[in-house]
Amino acid sequence: MKIEEIREKSVSELNELIVEFKKQLFDIRFKKFTNKYENATDLGKANSEMKELRKSIARVKTVLNQKESV
């Protein structure tokens, strides 16, 4: 998710986004550690999705902190 899209959302929407992203991250981790991925390409996609989700969570938290300080 791009930073411009995040900045347009309200504080409650941002909190919901964090919860949603964390659920997605948990699901991917759970599949990864229970060996649900059949081949290496699926595992590579999962790793890149996890990386992108972590970045998105950090972006949302940054915008939340900026909104709270204003």
Side-chain angles (χ1 to χ4, degrees):
M1 180 170 264
K2 298 199 179 221
I3 195 74
E4 294 85 18
E5 297 171 2
I6 295 172
R7 285 192 177 125
E8 294 173 355
K9 298 190 181 291
S10 68
V11 173
S12 61
E13 290 174 328
L14 293 175
N15 286 324
E16 291 173 9
L17 264 179
I18 289 176
V19 170
E20 179 184 329
F21 288 153
K22 285 187 176 184
K23 283 181 184 178
Q24 291 175 5
L25 192 59
F26 174 79
D27 290 340
I28 293 171
R29 282 185 183 147
F30 187 75
K31 286 180 185 177
K32 184 177 175 184
F33 291 113
T34 56
N35 295 322
K36 297 290 182 182
Y37 293 109
E38 297 294 324
N39 53 31
T41 57
D42 291 340
L43 189 59
K45 288 179 185 177
N47 288 336
S48 64
E49 286 178 20
M50 287 174 51
K51 184 177 179 181
E52 189 58 39
L53 282 170
R54 287 193 302 266
K55 285 182 179 182
S56 293
I57 291 170
R59 287 184 192 116
V60 172
K61 285 184 176 183
T62 299
V63 170
L64 267 175
N65 285 334
Q66 289 173 350
K67 287 187 178 207
E68 288 176 356
S69 67
V70 172

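- When side chains are defined from C-beta on, Leu17 counts as touching Met1, because their heavy atoms get closer than 4.5 Å.
- The minimum heavy-atom distance linking Leu25 with Leu53 is given by the pair N-CD1, 3.7 Å.
- Sequence neighbours left out, the pairs with a member in residues 53-70 that pass side chain to side chain donor-acceptor pair (under 3.5 Å) are Glu52-Arg59.
- Linking ILVMFWY residues whenever their side-chain heavy atoms come closer than 4.5 Å, directly or via other members, leaves Ile57 and Phe26 in distinct clusters.
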Quiz prompt | Chi angles and distances behind the side chain to side chain contact (heavy atoms under 4.5 Å, CB included) call for Asn47, Lys51 | solution = CA-CA 6 Å; Asn47 288 336; Lys51 184 177 179 181; over 6 Å; no
